[in-house]
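Here's the structure we're looking at; comments come further down.
Worth knowing before you read on, the calculation uses all heavy atoms, side chains too, and leaves out hydrogens, waters and symmetry mates. Along the sequence shown, residues are numbered consecutively beginning with 1.
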Amino acid sequence: MLGIKTRRTPIDGDIARDIRDAVARVATGQLNERERASVKRSKEALNRYEIHWEQ
């Protein structure tokens, strides 16, 4: 639907274009400042908790 790996006509609009651009940046490792900050916050949140699975 976003036209990344499909032969279909991609959906259009600002949000679809923003998502396609973000996916391309992630794939190439060229994150912008906002995305790098988001990654940093996510890593910090994951380090706050310790999870133990029990069966």
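Ser42 places a side-chain N or O within 3.5 Å of a backbone atom of Ser38 that can act as its donor or acceptor partner.
Legend: residues meeting salt bridge (Lys or Arg N to Asp or Glu O under 4.0 Å) with Arg48, ordered by chain and number and at least two apart, are absent.
Side-chain contact between Asp14 and Arg17 is present, with at least one heavy-atom pair separated by less than 4.5 Å.
The hydrophobic clustering, which links ILVMFWY residues whose side-chain heavy atoms are closer than 4.5 Å, places Val39 and Val26 together.
Atoms CD and CG, from Gln30 and Asp21 in turn, are 13.5 Å apart once rounded to the nearest 0.5 Å. Atom CZ of residue Arg36 and atom CZ of residue Arg41 lie 13.0 Å apart, to the nearest 0.5 angstrom.
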